[in-house]
Amino acid sequence: MWLRVDCRLNNRYCGRCCYKTEMPLSREDIKRIEDLGYPRDHFLIWRKGLPRLRNTDGHCVFLDVTSGKCTIYPHRPEGCRLYPLIYTRTRGVMVDPLCPKAASIPISDVRRLAPVLIKLLRKLEEEYCVKLL
């Protein structure tokens with residue numbers, strides 16, 4: 001159901017998507033992370049009407065900068081599970097050209113998961129009364 005990407009570059013995990021992240025969090029994402037024992041003020045910041053992953057020193061609070069790996073990978077937010085798929089109002093669902101692995105994402109995966117990303121954005125709109133689509 002989620003996008004599988006081999007994020008390794010030169011025998012190390014890239015982690016590029018975790019720098020200056022603006023990843024929104026659904027209520028389900030927040031509960032899942034809180035259930036791991038993290039308080040909201042550790043991982044959540046409100047911006048533009050949405051709760052988002054907090055950045056520390058310019059990267060996601062859950063990024064292990066030494067390895068490039070996510071420390072909560074099995075429990076990561078839905079948006080992280082779909083990345084590098086993104087939505088823009090002008091182009092719709094597309095692969096983020098900033099991802100070093102963008103060219104390796106099959107168009108069939110984009111087509112298959114585009115409705116999943118749109119559903120997530122609609123859920124966020126409903127939960128937080130914001131306009132994303």
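In this text the structure is predicted, and so the values were computed from the model without any measurement.
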*Could you state whether Y87 and V95 fall into the same hydrophobic cluster, counting links through intermediate Ile, Leu, Val, Met, Phe, Trp or Tyr residues with side-chain heavy atoms under 4.5 angstrom apart?*
yes

*asked:* Please enumerate all residues that pass side-chain hydrogen bond (donor to acceptor under 3.5 Å, both in side chains) together with D35, with sequence neighbours excluded.
replied: K31

_Y38 versus F43, closest heavy-atom pair with distance_ = O-CE2, 3.5 Å

*Can you name the nearest heavy-atom pair linking G79 to L120, along with the distance?*
N-CD2, 3.7 Å

*Start with the C-alpha distance between M94 and I86, add both sets of side-chain angles, then the distance that settles side chain to side chain contact (heavy atoms under 4.5 Å, CB included), and finish with yes or no.*
CA-CA 6 Å; M94 60 182 276; I86 60 171; 3.8 Å; yes

*Do the side chains of I105 and L9 join up, straight or via other hydrophobic residues, at under 4.5 Å, putting them in one cluster?*
no

*What pairs with C99 under side-chain contact (heavy atoms from CB on, under 4.5 Å), at least two apart in sequence or on another chain?*
Y83, P84, K101, A102

*Which pairs, with at least one residue in residues 114-133 and sequence neighbours excluded, count as a side chain to side chain donor-acceptor pair (under 3.5 Å)?*
E78-K123

*Residue among I72, L53, V65 satisfying side-chain contact (heavy atoms from CB on, under 4.5 Å) with C60*: L53

*Closest approach of R54 and H42, non-hydrogen atoms and distance?*
CD-O, 3.3 Å

*Judged by atom type as modelled, is there a donor-acceptor pair below 3.5 Å linking the side chain of D96 to the main-chain atoms of L98?*
yes

*Shared hydrophobic cluster for L44 and V61 (ILVMFWY, side-chain gaps under 4.5 Å)*: yes

_Can you tell me how far apart OG1 (T21) and CG (L63) are? Round to the nearest 0.5 Å._
10.0 Å

*asked:* Under the rule for side-chain contact (heavy atoms from CB on, under 4.5 Å), what residues qualify as partners of E22, not counting sequence neighbours?
replied: R47, R52

*Linking I/L/V/M/F/W/Y whenever any side-chain heavy atoms sit under 4.5 Å apart, do Y19 and F62 land together?*
no

*State, to 0.1 Å, how close P77 and I33 come at their nearest heavy-atom pair, and which atoms those are.*
CG-CD1, 4.3 Å

*May I ask whether V130 and M23 are part of the same hydrophobic cluster, defined by side-chain heavy atoms of I, L, V, M, F, W, Y residues being less than 4.5 angstrom apart, directly or through others?*
yes

*Examine distances only and state if a side-chain atom of S26 and a backbone atom of L124 form a donor-acceptor pair shorter than 3.5 Å.*
no

*Could I get the full list of side-chain contact (heavy atoms from CB on, under 4.5 Å) partners for Y13, not counting sequence neighbours?*
C7, R8, K69

*Atom CG in D6, atom SG in C14: separation rounded to 0.5 Å?*
10.5 Å

_R81: partners by side-chain contact (heavy atoms from CB on, under 4.5 Å), with sequence neighbours left out_ = W2, R32, R76

_I need the minimum non-hydrogen distance between I118 and L133, along with the two atoms involved._
CD1-CD2, 3.8 Å

_Non-hydrogen atoms of D109 and L85 that approach each other most closely_ = O-CD1, 4.5 Å

